[in-house]
Amino acid sequence: MTRTLIADLNSHLNEEVVVKGWVERIRELSSVTFLILRDRTGRVQAAAEPGLVSRLKLSTESVVELRGRVKPEPRSKMGFEVAVSTIGVLSAAGPLPININGPTLNVPLELVLDNRGLTLRHATINPIFRIQAALAQGFQSFLIREGFTQVFTPKIVASGTEGGTELFSVQYFDEKAYLCQSPQFYKQMLVGAGFERVFEVGHVYRAEKHATSRHLNEYVSLDLEMGFIENEHDVMDLENRLLRFMFEYVGERCEGELKSLDVVLPVVPVIPKVPLLEALELLEREFGKTHEGRDLDPEGERLLSKYVYDTTGSEFVFVTDYPWEKRPMYTMPKGRDATRSFDLLFRGLEITTGGQRIHSYDLLVENMLRKGLEPGQFSSYLNAFALGMPPHGGLAIGLERLTAQIAGLINVREASLFPRDRHRLTP
């Protein structure tokens with residue numbers, strides 16, 4: 001008999017079915033034993049004769065195959081249950097290091113991550129990654145509709161895109177190579193190759209020696225690049241529409257997951273834009289908050305987001321016109337000291353960096369030299385600009401950060417299936 005998924009059982013009332021999944025709970029009464037069975041689509045109550053279960057010495061989280069009849073049962077949450085005739089154990093579970101079948105795990109995050117293969121089964125953790133998957137799918141769907149081509153670029157590279165030292169080195173046969181910080185160079189080269197609009201969903205790597213609730217050393221980046229723009233505002237306006245689509249997409253496909261986590265998706269308005277210098281002045285005026293240098297620290301991001309929400313109702317704010325020294329060498333200058341770049345803050349955290357890129361070969365070389373970089377080390381990248389490059393710009397969204405902010409998670413590692421940070425290489 002073909003397996004029936006739990007979500008489809010309501011169309012099989014009074015029929016014999018085979019259901020397969022994990023035993024989430026066992027409740028033994030004198031005349032009946034109730035099992036809660038879980039598969040990828042949901043949970044169902046199953047009722048079996050006590051002897052049928054006791055003979056198997058069944059334990060929670062064992063994987064089983066139940067055969068039985070779907071019967072109406074008003075006392076069940078689903079309005080029906082499976083009256084079990086036979087049980088087959090496909091894989092017995094040993095003693096569990098963590099009880100994962102309570103309403104919360106109630107254990108330290110490190111213990112959750114150490115036992116990730118088990119804790120991902122929990123009812124408050126598993127839905128996070130279904131929402132995350134829908135965010136990535138929404139990103140892809142919107143951009144394909146907008147004429148973008150999905151691309152897949154190398155993750156082993158000869159040099160960094162940011163011109164810095166925060167790179168993981170690898171031995172590549174007889175040469176030294178690095179794990180890619182960003183697909184930035186490749187995105188720009190592909191715009192110049194005639195694709196005009198490209199996007200990628202892929203892992204990137206940052207060898208930053210931090211251990212904060214905001215950072216990962218390996219994360220998923222949602223990248224896009226688009227040609228023939230007027231300026232950075234075209235990129236921001238695209239992201240405004242993109243985020244609105246992504247959240248609508250998640251809302252349509254993850255209704256159950258959102259409900260189980262008590263998550264309300266944000267409304268995406270016309271997102272306010274605040275130049276960085278104005279933001280710094282605002283923070284000092286409204287909160288007495290000062291900054292060293294021209295940049296926002298984490299507290300500044302939170303305070304600015306609070307002010308924007310209190311005054312406009314928007315949970316998002318674009319911070320624009322970052323100074324030249326804070327942006328990579330490919331960022332389009334705006335005057336001598338500013339750039340045509342932006343960050344997007346969402347609920348007090350930066351989730352996007354983007355802007356207009358330099359498309360002139362001579363200006364790009366000049367900017368490299370001004371940054372203290374040797375243009376000869378970027379020859380394959382520079383060649384694309386010597387052969388004709390349209391005005392272009394793009395952005396990158398950190399998928400885990402976006403997921404964490406939507407789900408109200410305290411630590412971004414909770415939004416990574418198997419996080420890699422300064423101290424974690426397993427599981």
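Note that the structure is a prediction, hence the values are computed from the model and not measured.
Put simply, the residue from L276, D295, T339, D337 that forms a side chain to side chain contact (heavy atoms under 4.5 Å, CB included) with P323 is L276. With respect to E350, the salt bridge (Lys or Arg N to Asp or Glu O under 4.0 Å) criterion is satisfied by exactly one of R214, R302, R401: R401. Checked options F245, F148, F199; the residue passing with F142 is F245 (criterion: ring-ring contact (aromatic ring centres under 6.0 Å, His included)).
Here the side chain of T331 pairs a donor or acceptor atom with the backbone of P328 at under 3.5 angstrom.
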Please walk me through it: do V70 and E15 pass side chain to side chain contact (heavy atoms under 4.5 Å, CB included)? CA-CA 6 Å; V70 183; E15 295 179 15; 5.8 Å; no
List the steps and the verdict of side chain to side chain contact (heavy atoms under 4.5 Å, CB included) for D321 and L277. CA-CA 8 Å; D321 300 353; L277 291 182; over 6 Å; no
List the steps, then state whether salt bridge (charged side-chain N to carboxylate O under 4.0 Å, His left out) holds for E61 with R38. CA-CA 9 Å; E61 292 306 310; R38 180 186 71 242; 2.8 Å; yes
Evaluate R75 against E81 for salt bridge (charged side-chain N to carboxylate O under 4.0 Å, His left out), listing each step before the verdict. CA-CA 9 Å; R75 292 170 294 181; E81 66 182 14; over 6 Å; no
List the steps, then state whether side chain to side chain contact (heavy atoms under 4.5 Å, CB included) holds for L56 with V64. CA-CA 11 Å; L56 295 171; V64 299; over 6 Å; no
T119 and V107: side chain to side chain contact (heavy atoms under 4.5 Å, CB included), yes or no, with the steps? CA-CA 11 Å; T119 56; V107 296; 5.9 Å; no
In sequence, state the C-alpha distance, the side-chain angles, and the governing distance for T212 and H215, and then conclude on side chain to side chain donor-acceptor pair (under 3.5 Å). CA-CA 6 Å; T212 77; H215 294 94; 2.7 Å; yes
Working for salt bridge (charged side-chain N to carboxylate O under 4.0 Å, His left out), residues E278 and R285: CA-CA 10 Å; E278 289 185 21; R285 182 179 70 248; over 6 Å; no
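Atoms CD1 and CG, on I26 and L58 in that order, are 4.5 Å from each other to the nearest 0.5 Å. To the nearest 0.5 Å, the span separating CD on E299 from CG on L303 amounts to 5.0 Å. Atom NZ of K289 and atom CG of L280 lie 10.0 Å apart (nearest 0.5 Å). In this structure, CG in L304 is found 15.5 Å from OH in Y309, a value given to the nearest 0.5 Å. Taking CZ of F342 as the reference point, atom CG of L395 lies at 5.0 Å (rounded to 0.5 Å). We find the CD1-CG distance between I358 and N367 to be 4.0 Å, quoted to the nearest 0.5 Å.
Side-chain contact between V151 and F195 is absent, with no heavy-atom pair separated by less than 4.5 Å. Using a 4.5 Å heavy-atom threshold, the side chains of R422 and N217 count as touching. When side chains are defined from C-beta on, F247 counts as touching I406, because their heavy atoms get closer than 4.5 Å.
For Y172 against A177, the heavy-atom pair with the smallest separation is CB-CB, 3.7 Å. Counting all heavy atoms, side chain and backbone alike, N115 lies closest to P97 at OD1-CG, 3.3 Å. The nearest pair of heavy atoms linking E200 to P183 is OE1-CB, 3.4 Å.
The aromatic rings of F346 and F316 sit parallel to each other, their planes meeting at less than 30°, with 60° as the upper class boundary.
Within the structure, side chain to side chain donor-acceptor pair (under 3.5 Å) pairs that include any residue of residues 232-244 comprise E146-R241, E232-R340, H233-K273, D237-K273, E239-T352 (at least two apart or interchain).
The local environment of CD in Q171 is crowded, with over 12 non-hydrogen atoms from other residues, nucleotides or ligands closer than 6.0 Å. Atom NZ of K155 has more than 12 neighbouring heavy atoms from other residues, nucleotides or ligands inside a 6.0 Å radius. The number of heavy-atom neighbours closer than 6.0 Å to CZ of R145, taken from other residues, nucleotides and ligands shown, is above 12.
Between F168 and Y205, a ring centre-to-centre spacing not shorter than 6.0 Å is recorded.
In summary, E218 and R424 do not engage in a salt bridge, as defined by a charged side-chain N under 4.0 Å from a carboxylate O. A salt bridge between R327 and D343 is present, with a side-chain N of the basic residue lying under 4.0 Å from a carboxylate O of the acidic one. Taking the charged nitrogens against the carboxylate oxygens, E166 and R206 have no contact shorter than 4.0 Å, which rules out a salt bridge. With respect to R294 and E325, a salt bridge is recorded, a charged nitrogen being found less than 4.0 Å from a carboxylate O.
A cation-pi geometry, defined here as NZ or CZ lying under 6.0 Å from the six-membered ring centre and within 45° of its normal, does not hold between R116 and F418.
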